[in-house]
**Student:** 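Here it is: the structure, laid out below.
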Number of protein chains: 2
Amino acid sequence: MQLQSLNQTQLQALERELAEQYQSFQAQNLKLDLTRGKPSSEQLSLSDALDGILAGNYKAEDGTDCRNYAILDGIPEIKRLGAAIMGLPVEQVLAGGNASLTLMYQTVQHALTIGFNGPDSAWQNEGKIKFACPVPGYDRHFTICEFFGIEMIPVAMTDTGPDMAALTELVSNDPSIKGVWCVPKYSNPTGIIYSDDVVKAMAELPKVAGANFKIFWDNAYAVHDLVSTPNPLANIFDYASQAGTDDAVLQFCSTSKVTHAGAGVAFLGASQANLASFIKGLSVSTIGPDKVNQLRHARFLPDMDALQAHMQKHAAILKPRFDMVLKYLNEDLANTGMGEWESPEGGYFIAFDTLPGLAKAVVKLAADAGVKLTPAGATFPYGKDPEDRNIRIAPSVPGLDELEKAMQIFVLSVKLASVRQALAA
Amino acid sequence: MQLQSLNQTQLQALERELAEQYQSFQAQNLKLDLTRGKPSSEQLSLSDALDGILAGNYKAEDGTDCRNYAILDGIPEIKRLGAAIMGLPVEQVLAGGNASLTLMYQTVQHALTIGFNGPDSAWQNEGKIKFACPVPGYDRHFTICEFFGIEMIPVAMTDTGPDMAALTELVSNDPSIKGVWCVPKYSNPTGIIYSDDVVKAMAELPKVAGANFKIFWDNAYAVHDLVSTPNPLANIFDYASQAGTDDAVLQFCSTSKVTHAGAGVAFLGASQANLASFIKGLSVSTIGPDKVNQLRHARFLPDMDALQAHMQKHAAILKPRFDMVLKYLNEDLANTGMGEWESPEGGYFIAFDTLPGLAKAVVKLAADAGVKLTPAGATFPYGKDPEDRNIRIAPSVPGLDELEKAMQIFVLSVKLASVRQALAA
């Protein structure tokens with residue numbers, strides 16, 4: 001069934017049928033939640049061995065007593081894990097506290113007020129500055145920009161990453177654009193992986209950008225694959241080294257969706273010069289990260305083999321949930337002309353694009369039938385999706401039964417909104 | 001022996017005798033360290049039960065799964081502990097991450113750039129601002145001011161707290177003074193406790209100060225008593241309520257020197273209005289504190305009785321160290337006219353005032369004989385002690401044998417510097 005091929009009578013009949021189904025769901029008074037990209041209890045339990053893992057041995061491999069003050073950039077064994085995740089030498093890694101979001105906030109603040117390359121390089125010297133924001137994107141990135149008064153310029157995403165021709169033109173014409181947000185692997189929310197060409201073009205972007213341009217490379221889902229032979233993400237620092245732009249790349253990742261969310265370890269990967277500058281600023285606001293928790297994580301995940309074996313257990317829990325979402329989208333909405341989506345092979349989200357102007361309506365219909373979705377627009381700067389199309393689906397928390405019911409309501413809401421729009425046209 | 005009563009010949013003889021002793025210490029090639037106010041390994045081991053204490057139960061008392069995202073202000077049971085330490089209702093407490101220093105940095109930043117009482121209250125609107133800094137004080141407080149470009153105005157400390165007459169006059173004559181740093185109990189570094197009168201006058205200070213004045217009440221040593229019946233510190237919020245200045249007080253404390261330093265829980269105590277404003281700002285930079293570690297601490301220290309029993313074990317380890325320092329000061333330097341000090345009944349420091357102009361010389365003499373001391377001047381804004389007198393002694397880390405040797409060298413260095421100064425006069 002193609003929506004566009006239906007005549008008015010067919011549309012009316014379909015609307016009645018869908019509305020009836022919708023009312024029967026409403027009558028069930030469901031309370032389902034597809035909003036938060038957080039692990040389920042089942043996933044969290046995979047890491048319950050963390051507490052108690054030290055067995056009284058609080059010494060890091062270099063002899064550091066992790067129970068006492070000292071060390072701003074993390075203990076060696078956890079830095080090694082972060083280095084392996086990010087594909088960087090350990091000298092280019094800082095292991096921090098429990099949130100990569102905090103490291104992103106701090107690095108933006110550092111670039112803005114202190115400057116990675118001395119006081120003259122602080123963005124605030126140049127007055128009003130801007131960030132390029134591939135959309136749809138991650139709302140918390142946008143919130144950081146809003147907080148610091150950084151204007152956000154949207155750039156379209158494609159299924160291989162940001163539209164690099166558009167981004168390159170934008171950045172080369174406006175030296176007040178000082179940064180770009182990227183979630184290069186299993187992009188939040190579309191789930192795509194940046195292609196090699198995109199990574200290469202991104203690494204070359206600083207050459208045409210204004211001074212002190214930085215790429216915020218939020219590699220949040222670096223090891224969060226759902227398939228056994230995932231498509232690889234190119235190492236941006238390899239391309240940056242070729243382009244001579246190492247100092248323009250700041251990479252982030254964390255164990256938040258590996259072990260316990262909010263009780264893990266976050267990492268920053270950067271050039272040694274950038275790290276040294278950042279750590280100097282950091283010394284004002286902290287006595288150092290929680291090294292005891294870093295040590296727990298290093299003992300729990302001693303190397304990449306252990307990490308990958310652990311992530312396969314996550315995949316075994318998550319994959320059926322992604323499959324369920326995609327099953328309903330494919331079976332009920334493919335070839336209907338009512339929306340578009342990608343089929344991510346990792347990460348935490350599936351993004352659905354409705355027909356123009358319907359995202360808010362679909363979110364409201366779903367909510368009124370008991371399915372909570374992330375507010376439409378949340379994946380755009382200032383919460384404003386200009387076409388009102390994008391909806392982020394987070395399938396990790398509900399059980400499979402709940403998820404199935406939620407997806408039945410979701411596709412029904414999409415159909416109902418689409419048919420009603422066609423009727424009103 | 002009074003230095004001032006010695007004639008030139010006696011001074012010369014004494015100098016020769018002291019120099020000989022000094023050389024014999026130098027020959028021992030010692031490496032002793034009295035710099036850092038951090039717990040000893042023995043103290044840290046008191047809390048080794050923390051790791052593993054959860055025994056697989058990661059649920060907070062309100063049902064929160066501490067392993068997942070959520071909650072910016074901490075879980076109920078740990079907030080209750082912070083509330084008991086600070087003498088506040090739990091509604092006025094935020095439990096944060098691993099460092100009260102970070103909370104101080106963040107609250108200064110919040111007051112400066114966001115404003116606790118809306119954008120109009122942000123200090124930055126008023127251009128250049130200042131802080132009053134009782135001296136000697138804590139270097140990391142001063143570093144925060146320097147970082148944010150806040151000018152520091154020193155105010156003298158007495159043995160009952162800051163000179164409140166001087167502070168009140170200063171603040172009432174200069175509305176650009178927006179804050180004051182206080183370590184009210186076992187003051188860093190002099191070890192004194194603010195008297196009731198001082199606490200009351202402090203709570204009344206905001207009434208004569210410029211708009212949006214804040215008292216940074218760093219109650220770092222709230223429960224760090226060395227004696228069984230410690231002198232109490234008055235509750236500043238009681239006086240603030242009477243004076244109507246609740247919104248001007250920000251209190252800080254942490255478990256850093258209770259459990260594992262740098263792996264504990266920090267607390268902010270403030271009016272509910274201030275807390276709400278702060279938490280709103282915090283939501284930009286963090287996904288919340290490490291609740292798993294908060295839960296560990298709440299299980300380990302379920303109430304004030306447990307906390308106090310635990311602190312007595314710390315006291316049993318620390319008290320002999322303080323006694324050792326004071327023994328050498330009292331036996332070798334009392335009534336010599338070569339210096340002054342307090343006898344703290346808690347905290348982590350003993351501060352020694354040399355004769356004017358000798359602190360740097362004493363620190364250098366001690367260093368050259370193998371005893372590392374905090375750099376002279378570190379306890380003053382910009383690292384500048386105008387009289388070059390104050391030296392901070394941190395006796396917690398060395399073993400008693402080492403500490404004894406270090407104190408022999410310290411008092412010898414004081415005598416040698418004093419005698420040489422008298423000879424040169």
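Worth saying up front: this structure is predicted, and the values here are computed from it rather than measured. In the text below, chain A, chain B and the rest are named by the order of the sequence lines, each starting its count at 1.
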**Student:** What part of B/Asn98 gets within 4.5 angstrom of chain A, counting heavy atoms only: side chain, backbone, both, or neither?
**Tutor:**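 Contact with chain A: backbone and side chain both.
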
**Student:** Quick check, are the ring centers of A/Phe300 and A/His297 under 6.0 angstrom apart?
**Tutor:**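 No, ring centres 6.0 Å or more apart.
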
**Student:** Any side-chain heavy atom of A/Leu50 sitting closer than 4.5 Å to one from A/Thr259?
**Tutor:**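 The answer is yes; the side chains approach within 4.5 Å.
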
**Student:** Under 4.5 Å heavy-atom distance to chain B, tell me which part of A/Ser100 shows up: side chain, backbone, both or neither.
**Tutor:** neither

**Student:** Determine yes or no for a side-chain-to-main-chain donor-acceptor pair under 3.5 angstrom, with A/Asp51 supplying the side chain and B/Leu54 the backbone.
**Tutor:**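 Here the side-chain-to-backbone pair exists.
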
**Student:** Is a side-chain donor-acceptor pair under 3.5 Å present for B/His260 with B/Thr255?
**Tutor:**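 There is no such pair (donor and acceptor under 3.5 Å, judged by atom type) between the side chains of B/Thr255 and B/His260.
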
**Student:** With under 30° as parallel and over 60° as perpendicular, where do the rings of B/Trp123 and B/Phe131 fit, or are they tilted in between?
**Tutor:**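 B/Trp123 and B/Phe131: perpendicular rings.
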
**Student:** Mind checking which of residues 57-67 of chain A sit less than 4.5 Å from chain B, heavy atom to heavy atom?
**Tutor:** A/Tyr58, A/Asp65, A/Arg67

**Student:** Let's test your reading of the structure: which of B/Ser40, B/Ala70, B/Ala49, B/Ser45 forms the most heavy-atom pairs below 4.5 Å with chain A?
**Tutor:** B/Ser45

**Student:** Any Lys/Arg nitrogen of B/Lys178 or B/Glu126 sitting under 4.0 Å from an Asp/Glu carboxylate oxygen of the other?
**Tutor:** yes

**Student:** Is any residue of residues 105-117 of chain A within less than 4.5 Å of chain B by heavy atoms, and which ones?
**Tutor:** A/Tyr105, A/Gln109, A/Ile114

**Student:** Over all heavy atoms of both residues, which pair between B/Ile287 and A/Gly262 is shortest? Give the atoms and the distance, please.
**Tutor:** CD1-CA, 3.6 Å

**Student:** Let me know if A/Phe147 has heavy atoms under 4.5 Å from chain B in its side chain, its backbone, both or neither.
**Tutor:**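 Side chain only.
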
**Student:** Using atom types as modelled and distance alone, determine if a side-chain donor or acceptor of A/Tyr382 lies under 3.5 Å from a backbone N or O of A/Gly377.
**Tutor:**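 Absent.
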
**Student:** Quick check: closest heavy atoms across A/Val265 and A/Asn293, and the distance to 0.1 Å?
**Tutor:**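 Minimum heavy-atom contact is CG2-O, 4.3 Å.
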
**Student:** Think A/Lys257 forms a cation-pi with A/Tyr348, using NZ or CZ under 6.0 Å from the six-ring centre and within 45 degrees of its axis?
**Tutor:** yes

